[in-house]
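Below is one structure; the comments refer to it alone.
Reminder, nothing fancy here: chain letters follow the sequence lines and each chain counts from 1. As the structure is a prediction and not an experimental result, all values here were calculated from the model.
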Amino acid sequence: MVTVHPPPGTGSYGVQVAREAIRRSWVLVSALDERGVEEARTWGADVIVLDLEESVHDSRKTEARARIGEAISALAQGGTEVFVRPDIELLYADLEAGIVPGLTGVVLPTVSSAEQVREADGIVDAFERQRGLPGVVELHLALETAEGSLHAMEIIAASARVRSVSLGRADLVMDLRPEPNGELHMMPYLLQRLVTVARAGGVEPIGAWWDADSRGMLASPEATLRAARRARRHGFRGGMGVGASQVDPLNAGFTPDVAEVARAAVLVQAFETARARGERWGLEQGQIVDAARAETARRVIAHAEQCRGRDERKQAAATAAGHE
Amino acid sequence: MDVRRSVLFMAINNPRFLRGAARHNCDGVILDLEDALAERDKVRSRALPRTAYAEVSRGGATVQIRINHMYWEADLDAAVWPGLSVINFPKAEFADEIRRLDRRIGELERLRGIRPGTIEIQASIETVRGVTNGYEIASASPRVRIFGGGGMGYDVCRDLAVETLPGVARATDYYGIGETGLVARALGLHCVNGVRQGTGVTGDVISGDTAFDEATANRRAGLYAGITCLHPNRVDGINRGYTPTPDEVQHARDVLELFEKLDGQGEVAGELNGQPVDKWEAARARKLLEWSDACARREREKAAARQRLAAAADPAS
């Protein structure tokens, strides 16, 4: 039985802390990348993901774990939210190092089963209590295997900590390659499926719709902007990237643009004018604007507002940091 | 890795096709008991498989046979003989059908001296019920090693009551193919779903050029499960299109060499000519090299079989 659950921050657990509603840019920084960790707070990312997984060679895991607590504390002082990405096979040790005050959530990679999510939930829960963390450490699930995608609904429902999901890029996505039509093989289907299942499960879909030749996170700023815009039109709310150069394109691409917001305002106006006249729907340039369409337009406007609020808070934090 | 790039369909009751099979250099043949036969020919054609396998495999091709969904029991009894590699089961809709096939094949393997588990089941998803039950069907027997289908071919179109339009992708095409593809990958099976180019058995069935393009697109997309064809013209294009080029092989070697060096230094990523090299690229490179070796081995096997055939035809030489 699949249940829809409230996102962390609204449910019936522990002491709650405020969470950001807007997470457009998720930027991976290796826990070993001292300079990256130092500079990342100035990049303007909505979320920094400190990585203990793919970017850390097995021979250097201990070193990376030893550094991550301090990195989380330092980054959390800036305007960004901080997530940590553990290796799912080394979950206990990585989370033992990474669950410290200042952490917002865990990006759980290569998720294939609900069992893995329950295990992660249990470990997070134990460290959260032991260390007296305020609020709830969230889970973001990267459903990086075909099993993960196939059983997404059940997996999403496995923990109330889950607030967002993505396809990630390991296993399945890295196994898919370009077709002559410029798409990665199977990708349009997988993205449509994810966005549907995510919303049905009550969580946010995260992912950029990369050109087949972009090779995802290593794409240019222009390709990143294109991927973000395209993904947003299909219902995705943010995307993962690496390095400073992808932050602005991700933020911009996942923010409704000025023309879109203006258009939404016109639609809302058309609907409200019609309702005031006692009609059930309005007409805008020959198109029907019914209650559902007006509601969508209102959401676009609200989403743009939230994006602006997020940008202002980041700006304020950056200014404050500059005055230190 | 089993190399079945080009798999040529032929009606089992056409002696000329069977005799010619060894000449076409196809990696596999599918002898058809299903749609290629008129209804009145089905019963008497069941006498043919037992002797046909040796004949059609003289050029080194692996042998498959497509049975009728309705007559599966009688067809299996006629089809399971030494020399057979795959039972193609059309219009699979329920896991129970696969379990029944599996049991009966097991009995026949035992009775007829075939090593247990030799014969694969290739379950074709051709109907809407098959799409919705895909996961159960594909996981119903370890004999299912290759899976896919679900696109808008003749039967899905019939189910949906829409015209079959070869080469036109429609929304239900994405769903059916996407879902069976995902199931195949989740279960670790080879997937028959290739790059959609509007050709194949419901599109252009004769052109060698489109066959080459289609196989090339599949190879570049990392898809190695092969293409079935109805006309021998397509065999050569498919074989060539699926075979990695010398440049690709060299590139794969360079990627692997660099990755091994990086790994030894405790690094996880680097660059080669501006392109990223990491464990994913290394995995692709390894797969390509394995595939390239397997293709070469397959060509040698077929060449040896053809030589034996020529020597037998001309004992004086």
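A salt bridge links B:Asp96 with B:Arg99: the closest approach of a Lys/Arg side-chain nitrogen to an acidic carboxylate oxygen falls below 4.0 angstrom. Taking 4.0 Å as the cut-off between side-chain N and carboxylate O, B:Glu290 and B:Arg284 do not count as a salt-bridged pair.
When atom types are taken as modelled, the side chain of B:Gln275 and the backbone of B:Glu271 share no donor-acceptor pair closer than 3.5 angstrom.
The stretch residues 133-141 of chain B places B:Tyr135 near chain A, each with some heavy atom under 4.5 Å from a heavy atom of that chain. Residues of residues 50-66 of chain A placed with any heavy atom under 4.5 Å of a heavy atom in chain B are listed by number as A:Glu54, A:Ser55, A:Val56, A:His57, A:Ser59, A:Arg60.
Interface remark: B:Glu267 contributes backbone atoms only to the contact with chain A (heavy atom separation under 4.5 Å). For A:Leu176, the parts lying under 4.5 angstrom from a heavy atom of chain B are both the backbone and the side chain. Interface remark: B:Asp263 contributes backbone and side-chain atoms alike to the contact with chain A (heavy atom separation under 4.5 Å). At a 4.5 Å heavy-atom cutoff, the contact between B:Leu223 and chain A is made by side-chain atoms alone.
Side-chain contact between B:Glu93 and B:Glu126 is absent, with no heavy-atom pair separated by less than 4.5 Å. Side-chain atoms of B:Glu214 and B:Ile238, non-hydrogen and from C-beta on, never get closer than 4.5 Å to each other. Looking only at side-chain heavy atoms (C-beta outward), A:Val29 and A:Val49 stay at 4.5 Å or farther from each other. For the pair A:Ser149 and A:Leu194, the minimum side-chain heavy-atom distance is 4.5 Å or more. Side chains of B:Arg5 and B:Ile227 form no contact here, defined as non-hydrogen atoms less than 4.5 Å apart.
A tilted orientation is assigned to the rings of A:His234 and A:Trp209, their planes being inclined by 30° to 60°. Below 30°, between 30° and 60°, or above 60°: for A:Trp26 and A:His140 the angle between ring planes is between 30° and 60°, a tilted geometry.
Nearest heavy-atom pair across B:Phe259 and B:Val268 is CE1-O, 4.1 Å.
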